[in-house]
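Step one of this worksheet: look at the structure below.
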Amino acid sequence: MQRRLSAILSADIVGYTRLMEIDDISTLSRLKSLRHDLVDPCIAAHNGRIVKLMGDGMLVEFASVADAVRCATEVQSRIARAGPQEAQDRRLVYRIGVNLGYIIVDGDDIHGDGVNVAARLQSLPIPAVSRSPASCASISAASWGSTSRISANIP
């Protein structure tokens, strides 16, 4: 097993369970299209590696925190631009957390605090891009217990 410093992006769709209850076939189809047309190409363009997919969620590794943050903000802004076509309560909106931290590489999987912090940042309540303080010194952080939250609201 190898240990290294990586930028980890953790993402999931806000309200996915509710969307699946409303129309599971359409929601899954739209998610697959969103990933195929926008998310996966964006990850590749920013040199990311999809580590695992978990239903509506994903875990992605980047060698550069700048690439991870650029990818997250690009995904959010492109979804926001495309979103007005859909009813507000049916939109697919990603909640994304990015963390720069140490991980343990175990085959194709990754573990460790770097992953755990990214997942915790992603799970914070407001859909936006959440980043660890190490990744964005120029953006102000708000204290939230033992975690800091940095958000970029993309119109």
Side-chain angles (χ1 to χ4, degrees), residues 6-101 103 108-112 114-136 139-142 144-145 147-155:
S6 288
I8 306 301
L9 182 149
S10 176
D12 78 348
I13 298 291
V14 177
Y16 188 72
T17 301
R18 179 188 57 78
L19 292 168
M20 289 295 282
E21 289 170 352
I22 293 169
D23 186 348
D24 56 351
I25 300 296
S26 172
T27 299
L28 182 57
S29 176
R30 291 184 306 125
L31 176 61
K32 285 182 162 190
S33 293
L34 178 66
R35 286 213 36 243
H36 178 268
D37 298 341
L38 190 152
V39 178
D40 292 1
C42 187
I43 290 168
H46 293 283
N47 306 306
R49 174 180 77 94
I50 297 174
V51 176
K52 66 173 77 170
L53 300 172
M54 304 145 301
D56 65 315
M58 67 175 63
L59 190 63
V60 184
E61 179 185 14
F62 294 84
S64 159
V65 73
D67 283 342
V69 171
R70 284 185 192 115
C71 180
T73 54
E74 183 177 327
V75 165
Q76 292 289 52
S77 64
R78 289 179 65 190
I79 289 173
R81 284 194 304 269
Q85 304 166 17
E86 298 174 356
Q88 182 76 23
D89 66 337
R90 301 274 176 129
R91 290 184 187 159
L92 296 178
V93 177
Y94 271 103
R95 182 176 15 235
I96 300 173
V98 173
N99 181 58
L100 176 64
I103 61 168
D108 290 335
D109 206 357
I110 58 176
H111 307 273
V115 175
N116 296 338
V117 172
R120 286 188 183 113
L121 286 170
Q122 172 259 306
S123 69
L124 292 175
I126 301 169
V129 179
S130 299
R131 308 172 190 136
S132 70
S135 67
C136 298
I139 299 176
S140 61
W144 198 64
T147 303
S148 293
R149 177 174 172 74
I150 301 172
S151 15
N153 293 319
I154 312 291

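Just so it is clear, the structure is predicted and the values come from calculations on it, not from any experiment.
Nearest heavy atom pair, residue Val98 against residue Ala68, reads CG1-CB, 3.9 Å. Of all the heavy atoms in Gly114 and Ile103, the pair that sits closest is CA-CG2, 4.2 Å. Between Ile96 and Ala72, the closest heavy-atom pair is CG2-CB, 3.8 Å. The minimum heavy-atom distance linking Glu61 with Ser6 is given by the pair OE2-OG, 2.7 Å.
Atom CE of Met54 is separated from atom CG of Leu59 by 5.5 Å, given to the nearest 0.5 angstrom. Here the CD1 atom belonging to Ile8 is positioned 12.0 Å from the CG atom belonging to Leu121, to the nearest 0.5 angstrom. The CZ atom of Arg95 lies 10.5 Å from the CD atom of Gln76; values are rounded to the nearest 0.5 Å. The CD1 atom of Ile50 sits 5.0 Å away from the CZ atom of Arg35 when rounded to the nearest 0.5 Å. The distance from the NZ atom of Lys32 to the CG atom of Asp40 is 12.0 Å, given to the nearest 0.5 Å. Separating the CZ atom in Arg91 from the CG atom in Leu34 is a distance of 13.5 Å, to the nearest 0.5 Å.
The closest side-chain heavy-atom distance from Ile79 to Leu92 is not below 4.5 Å. Contact annotation: the side chain of Ile43 approaches that of Met58 to within less than 4.5 Å [non-hydrogen atoms, C-beta and beyond]. Two residues are said to be in side-chain contact when any heavy atoms from C-beta on lie closer than 4.5 Å; His46 and Val75 fail this criterion. Taking the side chain as every heavy atom from C-beta outward, Ile13 and Tyr94 approach each other to under 4.5 Å.
At distances below 3.5 Å, not a single donor-acceptor pair connects side-chain atoms of Arg78 with backbone N or O atoms of Cys42. In this structure, the side chain of Gln122 does not engage the main chain of Leu9 through any donor-acceptor pair within 3.5 Å. Side chain of Asn99 to backbone of Val117: no donor-acceptor contact under 3.5 angstrom is found. Between the side chain of Ser64 and the backbone N or O of Ala66 there is at least one donor-acceptor pair closer than 3.5 Å. Put simply, the side chain of Thr73 gets close to the backbone of Val69: a donor and an acceptor are under 3.5 Å apart. With Thr27 contributing its side chain and Leu19 its backbone, the two residues share a donor-acceptor pair below 3.5 Å.
Heavy atoms from other residues, nucleotides or ligands lying under 6.0 Å from CZ of Arg30 number more than 12. Other residues, nucleotides and ligands place more than 12 heavy atoms under 6.0 Å from the CG atom of Asp24.
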Evaluate side chain to side chain contact (heavy atoms under 4.5 Å, CB included) for Leu31 paired with Tyr16, printing each intermediate quantity in order.
CA-CA 10 Å; Leu31 176 61; Tyr16 188 72; 3.7 Å; yes
